[in-house]
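Letters A, B, ... are given to chains in the order of the sequence lines, protein chains preceding strands, and every chain is numbered from 1.
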2 protein chains.
Amino acid sequence: MGHTPGMATVPARSADAAAAPRGVRGRPARYSREELLGLIVAVFNERGYEAASMADLAAATGLTKSSFYHHFTSKEEILQMAVDRALDALSAALDESTALPGTAADRLADAIRRTTEILIDELPFVTVLLRVRGNTAVERQTLERRRRIDARLAGLVEEAARAQEIRGDIDPRMVSRLLFGMVNSVHEWYRPGNRTGSRRAIVDATVSIALNGLRPR
Amino acid sequence: MGHTPGMATVPARSADAAAAPRGVRGRPARYSREELLGLIVAVFNERGYEAASMADLAAATGLTKSSFYHHFTSKEEILQMAVDRALDALSAALDESTALPGTAADRLADAIRRTTEILIDELPFVTVLLRVRGNTAVERQTLERRRRIDARLAGLVEEAARAQEIRGDIDPRMVSRLLFGMVNSVHEWYRPGNRTGSRRAIVDATVSIALNGLRPR
DNA sequence: GTCTATATGTTGATAGAC
DNA sequence: GTCTATCAACATATAGAC
């Protein structure tokens, strides 16, 4: 066991969505898809993607269901936007780690660090990503993109093991799974406002525990 | 990122449920709730609890929806049975670790070992447990039981830190979350028949990486 | 761009015959 | 203990007025 996931709190706007800023002629103000997406993703993470109805999502934005459909054509399209944002960020971070000079172990440590940072900075979107199962076409395509990232991470581990910069007694793929399983688990308990540890403390902790384990300093 | 979850394969019986062993007078054979539960939980894990309809569950057992309702009164009752099985196993394992003589670090290592073993041995049930969100009363009660277990595990870490048997430079609660986040992540990729590593290899790996990290031996 | 109203299907759960 | 038939509630999505 680890930390028990609590329920994320939906941002303030949804509670008083009816009191949202209004444009001319009493009409609700217009929002970009990006702005709406943030409100929607909060509902996904609170209720679960499957359990969140389009009515729930519309209510969170302060729109009626129909107006909501004017901005998004389907629930799956919204999922696509959310996971793409997370996947793009993770891919970009991995690109940077891979391009780093120095030892293979340095690149691996950097990947652990950057991945943890993305997890924290893009928490709601990464959370949606990590919960995708594979029931629909969009979900399966999402899993495929994730697998490619996982394979690249496993490659970094293997490279470091081959250079004997890290231990070589455990299958690199298993090492990679366990390490990034630890990193990903941060999404289950990290909440921005909390005193569960600052961003800096969490990032340092994942890197240091990955490298040194529980050994006394 | 870590390992991308694949879709669990529903056991053979569900595919040819119509060809299941039959009792007298052409009627399907009777199954105990325990037997049925195994078939059901496989569907929960493939489709997700929310997405799995009672029709899906009934089909997996080879029963009609109505006959199915003769065995289980509601979907939530089934969830309760599944998570209880996982929680009971985890609690019992933790009891044993806590009762162990020796150092606090020994007890912690034992808890990591035993928790990993339960994860593997009770994989389908633990998987259901780890995905519970908190939308209904049963789910919230489940999260509460999980929290109690998490708190006990964090207690083991703190005890070892206070005895200076493990590093003391990171908040024990964060250490506990990361460690058991790593352990729990096994459920995302371990599949019984696979060559992703034997039970023994996985258990040794979680314990050893927790204790030593990536350091070369 | 928003709204009310509604089409169309699926959901969890039940009634009652055999 | 199984079945067929059915329910009310709710799902995603659309039509058309303003």
Notebook entry, point to check: With sugar-phosphate meaning primed atoms plus P, OP1 and OP2, does Ala52(B) contact a base, only sugar-phosphate, or nothing at under 4.0 Å between heavy atoms?
Noted result: sugar-phosphate
Next item on the list: Classify the nucleic acid contact of Ser53(B) as base, sugar-phosphate or nothing, counting any heavy atom under 4.0 Å across all strands shown.
Entry: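 Here Ser53(B) touches the backbone only, sparing every base.
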In this structure, OG1 of Thr127(B) is separated from CG of Asn184(B) (nearest 0.5 Å) by 10.0 Å
* Are side-chain N/O atoms of Asp95(B) and Thr98(B) paired as donor and acceptor at under 3.5 Å? -> no
Atom-to-atom span, [atom1] of [X] to [atom2] of [N] - whole angstrom:
X        : N       : atom1 : atom2 : answer
Glu77(B) : dA13(C) : CD    : P     : 10 Å
Leu63(A) : dT4(C)  : CG    : P     : 12 Å
His70(B) : dA13(C) : NE2   : C1'   : 16 Å
Tyr49(A) : dT12(D) : OH    : P     : 9 Å

Against the six-membered ring of Tyr49(B), is Lys75(B) placed for a cation-pi contact (under 6.0 Å from the centre, within 45° of the normal)?
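The answer is yes; both the distance and angle limits are met.
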### Message
Counting only side-chain nitrogens and oxygens, does Ser67(B) get under 4.0 Å of the OP1 or OP2 atom of dC3(D)?
### Response
yes
| His71(B) side chain near dT2(D) phosphate (N/O to OP1/OP2, under 4.0 Å) | yes
ask   = Is a salt bridge present between Glu144(B) and Arg147(B), judged by a nitrogen-to-oxygen distance below 4.0 Å?
value =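 Looking at Arg147(B) together with Glu144(B), the answer is yes, because their closest N to O distance falls below 4.0 Å.
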The nucleotide from dC3(D), dG12(C), dT12(D) with an atom nearest the side chain of Lys75(A) is dT12(D)
Self-check item: Proximity to the side chain of Ser74(A) - top-ranked nucleotide from dT2(C), dA13(D), dA13(C)
Solution: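 The nucleotide sitting nearest to the side chain is dA13(D).
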Between Leu57(A) and Phe68(A), is there a side-chain heavy-atom distance shorter than 4.5 Å? yes
Measure all distances between protein nitrogen or oxygen atoms and nitrogen or oxygen atoms of nucleotides 14-16 of chain D, and list the pairs falling under 3.5 Å.
| from | atom 1 | to | atom 2 | distance (Å) |
| --- | --- | --- | --- | --- |
| dT14(D) | O4 | Ser66(A) | OG | 2.6 |
| dA15(D) | N6 | Ser66(A) | OG | 2.8 |

Look at atom CZ of Arg47(B) and say whether more than 12 heavy atoms of other residues, nucleotides or ligands are closer to it than 6.0 Å.
-> no
